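These notes concern the structure reproduced below.
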Amino acid sequence: NVLINFNTFLHFRDLDLVSKIDQNCLKNNSIFTASFGVSGIYAGTIFANLMSGWLAETFGWESIFYFFGIIAVVWSIVWFIIVRNSPQQDFWISKSERNFIANSLKNQSGQQNVIKTPWKSILSSKPLYAIACAHFAYNWGYYTLLTQLPLYVRKVLNFDLAKSGYTSAAPYVAQLTMTFIAGFTADWLLVKNFLTVTQVRKYFNNTALLGQMTFLIIVTFLTNTSA
């Protein structure tokens, strides 16, 4: 477990790629596109929950680790083969697509200067700490559900192991659906000039965290399937 979690730091390198995609999406007022980009996280969680219950029931709990370990290795091989540092080095895309990406990024050509990291400004930034607290709260709720929900539906609600996989996946189906709805709604609010980007971020983020908090409290009072 220690080695597995130690190697997950490589995952955070992907956030640099995500941030670049998100920056381009926001410049084009397309939060929906950014939402689509991260929806794979929830789709993967749904798939993992569905498969884990069936694998454990059919082949034993060890098969879960073998199955997803093999998928990770295959995905890594595909990633190294396909992913390139720039569109110019990517021979998998068409010339028209390469030109489209290059034209979309041409306005950023003057932003490549190396600057000194403003550590004092970063460490004294109130918005930074607000974002860190929000991210911590989100991850606390997300991983609490991810790790404890299968146990909850099996031991408290008395679902069998195979069925609990489907039940555990249900919240992530809702999350995936709301990702698209929220992205579309945010774009609409921005295009219509009803809210600013800052207001959209604050309202949507706070609504999501308050909803997560509320329902996690409610679920503690549910002790049987008849509830």
Side-chain angles (χ1 to χ4, degrees), residues 11-47 82-88 90 92-113 115 118 121-122 125-143 145-146 169-216:
H11 157 74
F12 294 99
R13 182 62 185 87
D14 298 338
L15 297 179
D16 178 57
L17 176 61
V18 173
S19 67
K20 291 180 180 179
I21 295 173
D22 287 347
Q23 288 174 8
N24 292 324
C25 290
L26 290 175
K27 287 181 179 179
N28 294 302
N29 290 326
S30 183
I31 297 177
F32 179 83
T33 305
S35 300
F36 180 80
V38 300
S39 64
I41 298 173
Y42 311 124
T45 304
I46 294 169
F47 175 74
I82 294 179
V83 175
R84 294 294 182 270
N85 288 327
S86 67
Q88 290 73 23
D90 193 343
W92 296 96
I93 61 177
S94 63
K95 182 178 180 180
S96 60
E97 184 179 2
R98 186 181 295 109
N99 292 335
F100 174 79
I101 297 174
N103 290 332
S104 299
L105 300 177
K106 64 181 180 181
N107 294 329
Q108 302 179 22
S109 58
Q111 302 177 5
Q112 305 299 321
N113 296 329
I115 61 174
S121 298
I122 292 174
S125 172
K126 293 180 180 179
L128 173 65
Y129 290 109
I131 293 172
C133 290
H135 190 66
F136 174 85
Y138 164 76
N139 278 285
W140 184 281
Y142 181 82
Y143 287 107
L145 283 177
L146 191 64
Y172 301 102
V173 174
Q175 191 172 26
L176 178 62
T177 304
M178 284 305 302
T179 297
F180 292 111
I181 294 175
F184 177 82
T185 304
D187 278 343
W188 181 78
L189 291 171
L190 291 174
V191 170
K192 296 295 183 179
N193 292 318
F194 291 140
L195 295 174
T196 65
V197 173
T198 300
Q199 289 173 327
V200 165
R201 290 174 176 173
K202 288 181 177 179
Y203 294 156
F204 279 59
N205 188 77
N206 290 341
T207 300
L209 290 179
L210 287 172
Q212 183 184 65
M213 176 196 72
T214 301
F215 290 108
L216 280 176

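In what follows, every heavy atom counts, from backbone to side chain, and hydrogens, waters and symmetry copies are set aside. By convention here, the first residue in the shown sequence is residue 1. Note that the coordinates shown come from a computational prediction; the quantities given were computed from them, not determined experimentally.
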* Looking at residues at least two apart in the chain, or sitting in another chain, which of them share a side chain to side chain contact (heavy atoms under 4.5 Å, CB included) with Leu195? ->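 If we apply the side chain to side chain contact (heavy atoms under 4.5 Å, CB included) test to Leu195, skipping adjacent residues, the hits are Leu189, Gln199, Val200, Tyr203.
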* **Residues forming a side chain to side chain contact (heavy atoms under 4.5 Å, CB included) with Ile131, sequence neighbours excluded** =>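 For Ile131, no residue satisfies side chain to side chain contact (heavy atoms under 4.5 Å, CB included) once neighbours in sequence are set aside.
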* To do: Tell me, yes or no, whether the heavy-atom count around Tyr138 atom OH, taken from other residues, nucleotides or ligands under 6.0 Å, exceeds 12.
  =>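 Check passes, neighbour count above 12.
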Minimum heavy-atom distance [X]-[Y], with the two atoms named:
X: Ala134; Y: Asn205; answer: CB-ND2, 3.7 Å
X: Val197; Y: Leu190; answer: N-CD2, 3.6 Å
X: Ile46; Y: Leu176; answer: CD1-CD2, 4.0 Å

* Tyr172 and Phe47: side-chain contact (heavy atoms from CB on, under 4.5 Å), yes or no, with the steps? -> CA-CA 10 Å; Tyr172 301 102; Phe47 175 74; over 6 Å; no
* Asked: Any donor and acceptor pair, going by atom type alone, linking the side chain of Asn139 with main-chain N or O of His135 inside 3.5 Å?
  ->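 Yes; judged by distance alone, with no hydrogens or angles, the pair exists.
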* **Reported CE-to-CG distance for the pair Met213 and Asn206, which is rounded to 0.5 angstrom** =>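 Result: 11.0 Å between the selected atoms.
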* Asked: Does a side-chain heavy-atom distance below 4.5 Å link Leu210 with Phe215?
  ->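 No - every pair of side-chain heavy atoms lies 4.5 Å or more apart.
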* Centroid separation Trp140 to Phe136 less than 6.0 Å ->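 That pair passes the under 6.0 Å test.
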* To do: Go through the side-chain N and O atoms of Thr196 and Thr198 and say whether any donor and acceptor fall under 3.5 Å apart.
  =>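 Result is no, nothing qualifies.
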